[in-house]
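So you know, we letter chains A, B, ... as the sequences are listed, proteins then strands, and number each from 1.
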Amino acid sequence: VISYSRRIDALCKKGQISEAMKMFREMEEKGSPPDSYTYNILINGLCKDAQLEMGVSLMDEMQARGFSPTVITYTTLIHGFCTAGRIDAAMDVLDEMKRRGIAPNTVTYTALIQGLCERGEVETAVQVLKEMKLRGNECRPNVVTYTQLIHGLCQKGLLEMGIEFLDEMIISGCFPNNATYTALIHGLCQQGRFTEAAVLVNEMVAIGCELDVVIYNSLIDGLCKMGELDFAREMQTLMVEKGMAPDVFTYTSLIQGLCDAGLLDEALGLMQEMRGKGIVPNSVTYTTLINGFTQADRTEHALQLLNEMKSKGLIPA
RNA sequence: CGCAAAGUAUG
């Protein structure tokens, strides 16, 4: 059962849902019927594939078979509905799990916060966090909870509020990590508030976080979007000096910056440079360049890049 | 530790 479940999980995570379903049904015949783990795995796969109703009927099926849905089953569905923007349906699932005596935990509420933020229901998300703190124990907010909330706030442009929650989490003894700081640094950079982003960079180093490639990429992207291409390149040099390898995100940001500045041939040069470092341009990189050339009315070059992309088996992003 | 939640590039 375990090896079947592992294989089904792997298929789901590769997006091969129908293959996963087939294997799931096959388990019966081979005499090792699915258990509640297997059901949860497949329900998660269905949710990630936006097949929410199918996920719900699978939960009904597991119940009919005598496996009670667990907190993981319900949380998986809540996360699925939240990701689909169906907060009301997520709330229904939450009510049902409570009715059945299954206690929501930190993960459950964190999924809910994500959905609420994406729907712009920021105040409700903050309320959920408060409730988590009141309940404590299994519901106590952790670094993921705070990061999720901060990320959601930053995406809505509510940076000041995000910074307040950064302070709050530290005060409550929950240590921010790179994901937490990335949410804020990225948000600040997107608004051109590079100086404030740099302050947070210093802060994170001071508390013992290592600057990773994602942080550097966020800073480089911000500088590019501000038109500060020289500073962006300096930042790239700095990251290399610190032992961090630029990746396809780094280069695509730089290429975008050059395209925006009308420096298309320089942008092509960067694609060569990245290739020279063994970094393979992906469909986003190509799309960035193609759009740049198109907007500059260098359509022939854009088409050439499009063909090159297709010849490498890449689908336009 | 067979299963659920968080950070960066184009559109």
Side-chain angles (χ1 to χ4, degrees), chain A residues 1-10 12-13 34-45 47-48 55 62 67 69-80 82-83 90 104-115 117 132 141-152 154-155 162 169 176-187 189-190 197 204 209 211-222 224-225 232 246-257 259-260 267 274 281-292 294-295 309 314 316-317:
Chain A
V1 185
I2 293 178
S3 71
Y4 261 116
S5 300
R6 279 187 172 140
R7 282 154 66 198
I8 290 172
D9 196 27
C12 286
K13 280 169 182 153
D35 61 11
S36 63
Y37 278 50
T38 323
Y39 272 102
N40 287 340
I41 287 166
L42 192 57
I43 289 169
N44 188 36
C47 287
K48 295 257 149 68
M62 79 185 274
F67 299 112
T70 65
V71 60
I72 293 184
T73 317
Y74 286 113
T75 300
T76 301
L77 285 167
I78 287 170
H79 177 247
C82 283
T83 299
N105 62 21
T106 301
V107 179
T108 316
Y109 284 116
T110 301
L112 211 50
I113 286 174
Q114 178 240 86
C117 286
M132 293 172 77
N142 61 19
V143 59
V144 178
T145 313
Y146 277 107
T147 300
Q148 180 68 75
L149 179 61
I150 290 169
H151 178 246
C154 288
Q155 281 197 325
M169 75 185 282
N177 61 20
N178 283 23
T180 321
Y181 279 105
T182 300
L184 287 159
I185 289 168
H186 175 254
C189 283
Q190 291 299 314
M204 68 184 284
C209 292
L211 302 186
D212 64 16
V213 61
V214 177
I215 295 283
Y216 279 111
N217 286 346
S218 299
L219 294 167
I220 289 169
D221 186 59
C224 286
K225 289 197 163 73
D247 62 10
V248 64
F249 283 73
T250 321
Y251 275 100
T252 305
S253 288
L254 290 164
I255 286 170
Q256 173 73 29
C259 287
D260 287 344
M274 70 189 281
N282 63 19
S283 61
V284 177
T285 316
Y286 274 107
T287 304
T288 304
L289 277 162
I290 290 167
N291 288 338
T294 303
Q295 282 158 23
M309 172 173 62
L314 297 172

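- Among the heavy atoms of the strands lying under 4.0 Å from T38(A) is at least one base atom, whether or not backbone atoms are also near.
- Counting non-hydrogen atoms under 4.0 angstrom, A317(A) reaches a base of the nucleic acid.
- Residue contacts shown for D35(A) include a base, since a base heavy atom lies under 4.0 Å away.
- Between P246(A) and Y251(A) the shortest side-chain heavy-atom distance falls below 4.5 Å.
- Take C259(A) and apply the side chain to side chain contact (heavy atoms under 4.5 Å, CB included) test, not counting sequence neighbours, and it matches I255(A), L264(A), A267(A), L289(A).
- When RNA chain B is scanned in the 5' to 3' direction for atoms under 4.0 Å from non-hydrogen atoms of chain A, the outermost contacting nucleotides are G2(B) to G11(B).
- Using modelled atom types, one finds a donor on one side chain and an acceptor on the other under 3.5 Å when comparing Q190(A) with D221(A).
- Residue contacts shown for N44(A) are limited to sugar-phosphate atoms, with no base heavy atom under 4.0 Å away.
- Atom NE2 of H151(A) is separated from atom OG1 of T180(A) by 11.5 Å, given to the nearest 0.5 angstrom.
- Residue T288(A) is in sugar-phosphate contact alone, with no base atom involved, counting any heavy-atom pair closer than 4.0 Å across all strands shown.
- Scored by the ring pair (Phe, Tyr, Trp, His ring centres under 6.0 Å) test, Y39(A) finds F24(A) as partners (sequence neighbours excluded).
- At a threshold of 4.0 angstrom between heavy atoms, the contacts of S5(A) include nucleobase atoms, whether or not backbone atoms are also involved.
- With 3.5 Å as the limit, one finds a donor-acceptor pair spanning the side chains of N282(A) and T285(A).
- As judged by a 4.0 angstrom heavy-atom cut-off over every strand, T76(A) is placed among residues touching the sugar-phosphate backbone only.
- C1(B) and A5(B): their P atoms are spaced 14 Å apart (whole Å).
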